[in-house]
Amino acid sequence: MSPEFRRRMEALLAAHYGIAPDALDRPGTTLVPVAPEQWDDWLELIPVGARVGVEVPPALRARVEALVAAHPADRRLSGADFVAAWGAEGARVGHMKVYMLDEATFRPFTPDARYTVRALTGADRAAFGEFLARCAPDDRGEADISLEQQIPFGVFDGARLVAAASTYPWLGLVDVGVLTDPDYRQQGLGKAVVSAVARQVQAQGGVLCYRHALRNTGSQGIAEGLRLSLYATVEAVHSG
């Protein structure tokens, strides 16, 4: 990631967390409230300059504020701090890679001509349901895609939907989830549908963000294949 693009991304994240531009060089932790329905069950510790930003739902606000107050003001909280305070059972720490789309390095991808890539509509609901049924529950949960989300796209082999992606707002960016039919993996179809979504996000003036758990090497391959720029490896804390 180029220094110029990183500064742009940090400015977008700083605006989301309400961090003043002149505070980005001062280490510390910034908390912002998030509505319960907008929270995904993880406290994500997002680096923003020298700081870390954390969205906190009402149910955890007092506990997280107490944890911040127990450390020096110039301390960036880490997953280890949560484990030390709440115990290993009370704070499970995971890691994810966060990528951003930089137009200067992005490499779009088009699949083999046998496949059709297009936007999904309500008329595709039956095909979408059949597609989800062919995918493992854990894969569906991690992908978190839906026709009700923004910019749903799919890859078709004839009438069969074989890969799909959709987006939703995340920290002032546009996060994309993707899922591929188990019978059609290792063909670049996940990369193709994310590429199509990325073009739509760009056309609408947004910045695409792509996240995956460290263990998900397939998702990492999509990000690297499209030449998305790695922003950070982020800690996330699950409470309870």
Answer yes or no: is there a side-chain heavy-atom contact under 4.5 Å between [X] and [Y]?
| X | Y | result |
| --- | --- | --- |
| Thr30 | Val52 | no |
| Arg199 | Pro108 | yes |
| Tyr115 | Thr110 | no |
| Val64 | Trp86 | yes |
| Met1 | Leu230 | no |
| Glu235 | Ser78 | yes |
| Thr105 | Ser229 | yes |
| Val201 | Ile151 | yes |

Is there a path of hydrophobic side-chain contacts, each under 4.5 Å between heavy atoms of I, L, V, M, F, W or Y residues, that connects [X] with [Y]?
| X | Y | result |
| --- | --- | --- |
| Val193 | Phe106 | yes |
| Ile19 | Leu31 | no |
| Val98 | Val48 | yes |
| Tyr168 | Val197 | no |
| Phe82 | Val56 | yes |

Exercise. Where do Met96 and Glu44 land on the side-chain contact (heavy atoms from CB on, under 4.5 Å) test, with the steps shown first?
Worked result: CA-CA 9 Å; Met96 64 179 178; Glu44 296 167 334; 3.7 Å; yes
Nearest heavy-atom pair of [X] and [Y]: which atoms, and what distance?
| X | Y | result |
| --- | --- | --- |
| Val237 | Gly79 | CG2-CA, 4.1 Å |
| Leu101 | Ala198 | CD1-CB, 3.4 Å |
| Pro33 | Arg61 | N-NH1, 3.4 Å |
| Thr180 | Cys135 | O-SG, 3.9 Å |
| Thr233 | His95 | CG2-CB, 4.4 Å |
| Val117 | Pro111 | CG2-CG, 3.7 Å |

Please answer whether the main-chain N or O of [Y] pairs with a side-chain N or O of [X] as donor and acceptor at a distance below 3.5 Å.
| X | Y | result |
| --- | --- | --- |
| Asp124 | Ala127 | no |
| Trp39 | Trp42 | yes |
| Tyr210 | Val194 | no |
| Arg51 | Arg26 | yes |
| Thr116 | Gly158 | no |
| Ser166 | Pro152 | no |
| Asp144 | Gly141 | no |

Short N-O contact, [X] and [Y], less than 4.0 angstrom:
| X | Y | result |
| --- | --- | --- |
| Asp183 | Arg160 | yes |
| Arg76 | Asp81 | no |
| Asp102 | Arg227 | no |

Distance from [X] atom [atom1] to [Y] atom [atom2], nearest 0.5 Å?
| X | Y | atom1 | atom2 | value |
| --- | --- | --- | --- | --- |
| Leu132 | Asp139 | CG | CG | 11.0 Å |
| Tyr231 | Met9 | OH | CE | 9.0 Å |
| His16 | Trp170 | NE2 | CH2 | 9.0 Å |
| Leu189 | Leu179 | CG | CG | 12.0 Å |
| Met100 | Cys209 | CE | SG | 5.0 Å |
| Leu13 | Leu171 | CG | CG | 6.0 Å |

For this session: Show your reasoning for whether side-chain contact (heavy atoms from CB on, under 4.5 Å) applies to Leu208 and Gln202.
Result: CA-CA 8 Å; Leu208 186 83; Gln202 288 180 306; over 6 Å; no
Exercise. Are Tyr17 and Glu55 linked by a side-chain donor-acceptor pair shorter than 3.5 Å?
Worked result: no
Exercise. If we ignore angles and hydrogens, is there a donor and acceptor under 3.5 Å between the side chains of Tyr184 and Asp157?
Worked result: yes
Other residues, nucleotides, ligands: >12 heavy atoms within 6.0 Å of [X] [atom1]:
| X | atom1 | result |
| --- | --- | --- |
| Arg215 | CZ | no |
| Gln186 | CD | no |
| Arg140 | CZ | yes |
| Arg107 | CZ | no |

For this session: For the pair Tyr99 and His212, name the ring-plane relationship: parallel under 30°, tilted 30 to 60°, perpendicular over 60°.
Result: parallel
For this session: Could you check whether the rings of Phe131 and Phe128 sit parallel, tilted or perpendicular, using 30° and 60° as the cut-offs?
Result: tilted
Problem set entry | Gln187 vs Asp112, side chain to side chain donor-acceptor pair (under 3.5 Å): CA-CA, chis, key distance, verdict | CA-CA 9 Å; Gln187 299 183 48; Asp112 185 276; over 6 Å; no
Seminar exercise, completed: Result for side-chain contact (heavy atoms from CB on, under 4.5 Å) between His238 and one of Leu43, Asp41, Asp40, Val93 points to Asp41
For this session: Check the pair Val83 / Arg92 against side-chain contact (heavy atoms from CB on, under 4.5 Å), numbers first and verdict last.
Result: CA-CA 7 Å; Val83 173; Arg92 180 162 55 91; over 6 Å; no
For this session: Take Leu147 and Arg125 through the test side-chain contact (heavy atoms from CB on, under 4.5 Å) and record every step on the way to the result.
Result: CA-CA 8 Å; Leu147 291 182; Arg125 194 166 301 279; 4.0 Å; yes
